[in-house]
Amino acid sequence: MKPAIELERYEIEELSYVRSVDNEDLGSDNLKLAIESGMTEDRKNGKVTLKAKFVDQGENKTIVARVSGYFTINSESEQENYLVVNGSAIVFPYLRSAISMVSSLDSSDAVLIPTVNILSLLEEQAKDK
């Protein structure tokens, strides 16, 4: 039996490490996450994009990363739910790894963003819209 969705590939679309904190980031949360998704018209393929912005005011650094996963959708029902929830959970470790790896090149203290509850994140994101 095939899984509901299969990861075909992932891409790091954006990765920025800056030794400065913008005025707009002062006093804000140190980690912001966002999820975007979309499917082809025939609902056989989909894309999930996760974006993270990490601000460390104490170390005066900002990291922005955007990672997308491209999926084949095998399910005949609930395609969007499988894509958004499961796809985000599949792509998230790649996002965490990219941030950790880049931040460790600059210091011995790698940035380790925490694991997240994808469903809670999606609910928060829906409230903000």
Side-chain angles (χ1 to χ4, degrees):
M1 184 173 151
K2 284 188 167 188
I5 62 170
E6 293 178 84
L7 178 64
E8 296 300 323
R9 71 181 194 283
Y10 77 94
E11 294 176 349
I12 297 173
E13 295 183 346
E14 178 182 5
L15 189 55
S16 169
Y17 182 89
V18 181
R19 273 290 188 176
S20 67
V21 176
D22 293 338
N23 287 337
E24 69 184 47
D25 293 325
L26 292 175
S28 66
D29 294 340
N30 66 341
L31 178 63
K32 294 178 184 173
L33 294 169
I35 299 171
E36 297 175 356
S37 65
M39 288 187 285
T40 56
E41 206 170 290
D42 64 3
R43 303 176 74 81
K44 300 271 186 215
N45 299 93
K47 176 182 175 183
V48 174
T49 300
L50 276 71
K51 183 172 182 176
K53 182 175 187 178
F54 177 81
V55 177
D56 185 339
Q57 294 176 24
E59 294 293 322
N60 197 36
K61 61 184 168 185
T62 303
I63 303 171
V64 176
R66 189 174 70 237
V67 178
S68 293
Y70 296 86
F71 296 89
T72 299
I73 303 170
N74 299 316
S75 175
E76 294 297 321
S77 64
E78 297 186 61
Q79 294 104 331
E80 189 170 346
N81 189 47
Y82 282 123
L83 179 65
V84 174
V85 176
N86 296 10
S88 297
I90 291 168
V91 173
F92 189 73
Y94 295 106
L95 177 73
R96 286 183 79 217
S97 177
I99 289 173
S100 177
M101 192 178 314
V102 167
S103 66
S104 69
L105 295 172
D106 183 44
S107 99
S108 60
D109 297 324
V111 173
L112 299 173
I113 62 173
T115 57
V116 296
N117 180 326
I118 297 294
L119 290 175
S120 294
L121 178 60
L122 289 166
E123 288 171 4
E124 285 178 34
Q125 191 170 305
K127 287 179 190 175
D128 292 342
K129 285 188 178 181

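Please read these numbers as outputs of a predicted model, since none were measured by experiment.
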TODO: Answer yes if Ile113 and Tyr17 sit in the same cluster of Ile, Leu, Val, Met, Phe, Trp and Tyr residues linked by side chain heavy atoms under 4.5 Å apart, and no otherwise.
DONE: yes
Open item on the list: Could you go through Val111 and Ile63, starting from their C-alpha distance and side-chain angles, then the distance that decides it, and tell me whether this counts as side-chain contact (heavy atoms from CB on, under 4.5 Å)?
Closed with: CA-CA 9 Å; Val111 173; Ile63 303 171; 3.9 Å; yes
Can you see which heavy atom on [X] is nearest to which on [Y], and at what distance?
X     : Y     : answer
Ile99 : Ala52 : CD1-CB, 3.9 Å
Ala65 : Leu95 : CB-CD1, 3.6 Å
Val48 : Ser88 : CG1-OG, 3.6 Å

Task: By salt bridge (Lys or Arg N to Asp or Glu O under 4.0 Å) - contacts of Lys61 (at least two apart) - done: none
Return the set of residues passing side chain to side chain donor-acceptor pair (under 3.5 Å) with [X] (not counting sequence neighbours), or none when no residue passes.
X     : answer
Glu36 : none
Glu6  : Asn74
Thr40 : Asp42

Is there a side-chain contact between [X] and [Y], using heavy atoms and a 4.5 Å cut-off?
X      : Y      : value
Val85  : Leu119 : yes
Arg19  : Asp106 : yes
Lys51  : Glu13  : no
Pro114 : Leu31  : yes

What residues form a side chain to side chain contact (heavy atoms under 4.5 Å, CB included) with [X], not counting sequence neighbours?
X      : result
Ile90  : Ile5, Leu7, Phe71
Asp109 : Ser107
Ala4   : Ser75, Tyr82
Met39  : Arg43, Ile73, Gln79, Glu80, Leu83

Task: Pairs touching residues 41-63 that satisfy ring pair (Phe, Tyr, Trp, His ring centres under 6.0 Å), sequence neighbours left out - done: none
- [ ] Not counting sequence neighbours, list each pair that qualifies as a ring pair (Phe, Tyr, Trp, His ring centres under 6.0 Å) and has a residue in residues 31-53.
- [x] none
Distance from [X] atom [atom1] to [Y] atom [atom2], nearest 0.5 Å?
X      : Y      : atom1 : atom2 : value
Ser16  : Arg66  : OG    : CZ    : 11.0 Å
Ile35  : Ile118 : CD1   : CD1   : 4.5 Å
Met101 : Ile12  : CE    : CD1   : 7.5 Å
Lys47  : Glu11  : NZ    : CD    : 7.5 Å
Leu122 : Asn117 : CG    : CG    : 9.0 Å

TODO: Identify, with sequence neighbours excluded, every residue that meets ring pair (Phe, Tyr, Trp, His ring centres under 6.0 Å) alongside Phe92.
DONE: none
Task: Donor-acceptor side-chain pairing of Glu8 and Thr72 below 3.5 angstrom - done: yes
- [ ] With sequence neighbours excluded, give me every side-chain hydrogen bond (donor to acceptor under 3.5 Å, both in side chains) pair touching residues 90-104.
- [x] none
